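Worksheet for the structure shown next.
For clarity, every value in this text was computed on a predicted model and none was experimentally measured. The first residue of the sequence shown is numbered 1, and numbering continues consecutively from there. Whatever order the structure lists ligands and atoms in, that order sets their numbers, starting from 1.
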Amino acid sequence: MTTATLFNYSYNPQTGKNPAPAPAHVRRIVIVGGGSAGWMTALTFAGGAPAQSLIERGVEITVLESPTVGVIGVGEGSTPWLRGFFDSLGIEEAEWMPACHATYKCGITFDGWSTRPGFERYFHPFASMLDNLTMTQFVHNVEARVNGANVYAHPDRFFIAARLAAEHRAPKAPDSFPFDVWHGYHFDSVLLGQFLQRKALARGVRYKSCHVTHATLDDSGAIASVGTREGETIGADLFVDCTGFTGLLIDKALHTPFVSFANNLFNDAAVALPSPIGTSIPSETVSTALKQGWAWKIPLTSRYGNGYVYSTQFCSADAAETELRQQLGLLESDTPARHLKMKIGRVTKHWNKNCLAVGLSQGFIEPLEATALLFIQQTAAVFLEFLEQGDLGEAAHDRFNQQVNDHFEGTRDYIVTHYKTNTRTDTEYWRANAANLNLSDDLKRLYSAWMSGKSIVPGVRQQVIGKGYPVFSWYAIMAGMGVFPDPDHLRPATTQEARYNMAEIDNLLSRSRVNYPVHRHALARIAPRRTDESLQIYLW
Ligand SMILES: Cc1cc2nc3c(=O)[nH]c(=O)nc-3n(C[C@H](O)[C@H](O)[C@H](O)COP(=O)(O)OP(=O)(O)OC[C@H]3O[C@@H](n4cnc5c(N)ncnc54)[C@H](O)[C@@H]3O)c2cc1C
């Protein structure tokens, strides 16, 4: 029961075609905020080729950025979807990755979240074409173990990405080995913002350094203009709020209600600190559970980015910084740490009147699975589709907001599962997370199906819970954390249950992995992408 999913990343600039007419009613777009969200949105609208560009079709796009409020300056890991973002703009890895000190990411290791023997650490892989050969075996074995059979079901031995990450290899095979791995990236977030800005300006986006102080509403309650501290009044047909957690337009001007996720995602603060990178560069993020939260370790070509995400209910900023420094061996170091607050949840309407909120202004689910840039990318891209179709009425607003909200809720539930399934007992923080009963109905149903040996596939495929992550990711997290109904009383597997030979899978992956180069070497010679590349994966 596998599902073939085709990801086609090929870049197909329609340079020869006449531009389509500009969307009616929207001639001027003002984006307030010049962080990753502001520039990604500007580039999405500016497009990858003249025929796709709103600017080429007469729409004026201006980014306003405060000279006094900085960008958040964190956010250094991505999902594989970022690859599609650059491809759609015709920007090569060979151009942007060195400029942003970027590295490849095969997935994330979760270390120390579970204390179940044999499951203290697992890898959440990005899928690959090779997984088409091992995904069925993984799902089969997990289902057998959920039903009490003593078969091997830890995810790490089933996925090529786990092998590549363990050996610091890059997910980039040569043309002679045509099995692509769906990979993400790590990058310096400040350099990424600067790169995107340069690209956007080159594609005709206008820029103004000014501090927006307020918005003026028209009779219908829509935004007519924004006023700046420099004394200007700037009007537009569409305003995009990319002002980060401030939410200057979507919140302060339009008072769009906010749904907090604080009752099941406790973390609301972080402390970040760089450390030197050694000679070998890993191709994974490591998320290590600490006493009051978790620490990220993200390899760039120039340094590691590290940070500790914690809850201020359970831990002070000083204690968090000390624990992070201890973990990194930097207790005596004078490298300054940055402390950040996080607002966890989402607005009810990401598109409210003539205002679109993108980035931290629309909401944030903590960074455990590095999903924030994906929300930015999808919010901007889906909105552009509505705009292109001239679909701007109330019903369109509702459909759009429902879609974005479902994505938020589905992703939230996946992140909650990391905490809910933890078995640490060392601090009140972890005990409270495990005991937390504030779960969505979807999530309760999923846990109940899993623990009674029933299939979770229909639930994930049909309900909001599947809008964030595919079935295979749910299998990876539950099996990776060692969540099985009665692990102490496993029975011998039947012949049918034990039909897959782990030695064969080991052999296949061991033979395959040598086709992928050492990560550091791959980064030293990033080649232009093969054209018309498509990636066919059974994601389950
Ligand atoms: C601890 C932490 C870790 C994270 N890790 C990840 C990760 O691994 N992966 C990931 O995808 N995301 C991550 N994120 C999220 C990511 O950092 C953000 O989604 C991303 O940087 C986009 O931010 P932004 O552009 O919305 O906001 P910001 O970067 O805060 O930018 C806001 C912009 O608005 C401007 N502005 C503000 N007020 C005004 C005003 N009055 N007038 C004019 N301009 C104004 C500012 O000048 C700035 O340019 C993380 C976030 C945090 C807090």
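At least one heavy atom of Leu248 sits less than 4.0 Å from an atom of ligand 1. At least one heavy atom of Ser36 lies less than 4.0 angstrom from ligand 1. Contact annotation: Phe364 has at least one heavy atom less than 4.0 Å from an atom of ligand 1. Using a 4.0 angstrom heavy-atom cutoff, Cys210 counts as in contact with ligand 1.
The existence of a salt bridge linking Asp188 and Arg303 is confirmed by a sub-4.0 Å separation between a basic side-chain nitrogen and an acidic carboxylate oxygen. Glu284 has no carboxylate O lying under 4.0 Å from a charged side-chain N of Lys297, or vice versa, which leaves the two without a salt bridge. Salt bridge absent: Glu230 and Lys208 never bring a charged side-chain N and a carboxylate O closer than 4.0 Å. Contact check on Glu409 versus Lys467 returns no salt bridge, with no Lys/Arg side-chain nitrogen under 4.0 Å from an Asp/Glu carboxylate oxygen. Taking 4.0 Å as the cut-off between side-chain N and carboxylate O, Arg325 and Glu321 count as a salt-bridged pair. In this structure, Arg83 pairs ionically with Asp180, as a charged nitrogen and a carboxylate oxygen lie closer than 4.0 Å. Checked for salt-bridge contact, Arg121 and Asp111 meet the test: a charged N lies under 4.0 Å from a carboxylate O.
Every atom of ligand 1 is numbered from 1 in the order shown, and the set under 4.0 Å from a heavy atom of Glu76 is 7 (C), 8 (O). The contact set between ligand 1 and Pro367, taken as ligand atoms under 4.0 Å from a residue heavy atom, comprises 2 (C), 3 (C), 4 (C), 5 (N), 6 (C). In the vicinity of Cys242, heavy-atom distances shorter than 4.0 Å reach the ligand 1 atoms 32 (C), 33 (C), 34 (O). Residue contact check: Gly359 has heavy atoms under 4.0 Å from atoms 26 (O) of ligand 1. For ligand 1, the atoms closer than 4.0 angstrom to any heavy atom of Ala270 are 1 (C). Within the listing of ligand 1, atoms 7 (C), 8 (O), 9 (N), 10 (C), 11 (O) sit less than 4.0 angstrom from a heavy atom of Gly77. Every atom of ligand 1 with a heavy atom of Ala37 under 4.0 Å away is listed here by number and element: 22 (C), 24 (P), 25 (O), 26 (O). Annotation for ligand 1: atoms under 4.0 Å from non-hydrogen atoms of Val212 are 40 (C), 41 (N), 42 (N), 43 (C).
Within a 6.0 Å sphere centred on CZ of Arg424, heavy atoms belonging to other residues, nucleotides or ligands number more than 12. Residue Lys291 places its NZ atom among 12 or fewer non-hydrogen atoms of other residues, nucleotides or ligands, all under 6.0 Å distant.
Contact annotation: for Thr213 versus ligand 1, there are no heavy atoms closer than 4.0 Å.
Nearest protein heavy-atom neighbour of atom 26 (O) of ligand 1: Leu360 N, 2.9 Å. In terms of protein heavy atoms, atom 6 (C) of ligand 1 is closest to Gly75 CA, 3.1 Å. Nearest to atom 19 (O) of ligand 1 among the protein's heavy atoms is Ala372 CB, 3.4 Å. Counting protein heavy atoms only, atom 16 (C) of ligand 1 is closest to Val74 O, 3.9 Å. Taking atom 47 (O) of ligand 1 as the reference point, the nearest protein heavy-atom neighbour is Val69 O, 2.6 Å. For atom 35 (C) of ligand 1, the nearest non-hydrogen atom of the protein is Gly33 CA, 3.6 Å. Distance from atom 49 (O) of ligand 1 to its nearest protein heavy atom, with residue and atom name: Gly34 N, 2.9 Å. Among protein heavy atoms, the minimum distance from atom 30 (O) of ligand 1 is reached at Ile72 N, 3.4 Å.
Ring geometry for His418 versus Tyr414: interplanar angle over 60°, hence perpendicular rather than tilted (30 to 60°). The aromatic rings of Trp96 and Phe86 lie parallel to each other, their planes meeting at an angle below 30°, with 60° marking the opposite boundary. Classification of the His397-Trp351 ring pair by plane angle, with boundaries at 30° and 60°, yields parallel. Note: Phe400 and Phe383 have perpendicular aromatic rings, judged against thresholds of 30 and 60 degrees for the angle between ring planes.
For the pair Met342 and ligand 1, the shortest N or O to N or O distance does not fall below 3.5 Å. Considering backbone and side-chain atoms together, Glu65 places an N or O closer than 3.5 Å to an N or O of ligand 1. Of the polar atoms of Ser66, at least one N or O is found under 3.5 Å from an N or O of ligand 1, judged by distance alone.
Here the options are Phe258, Phe408, Phe375, Phe386, the test is ring pair (Phe, Tyr, Trp, His ring centres under 6.0 Å), and the partner is His350; only Phe408 passes.
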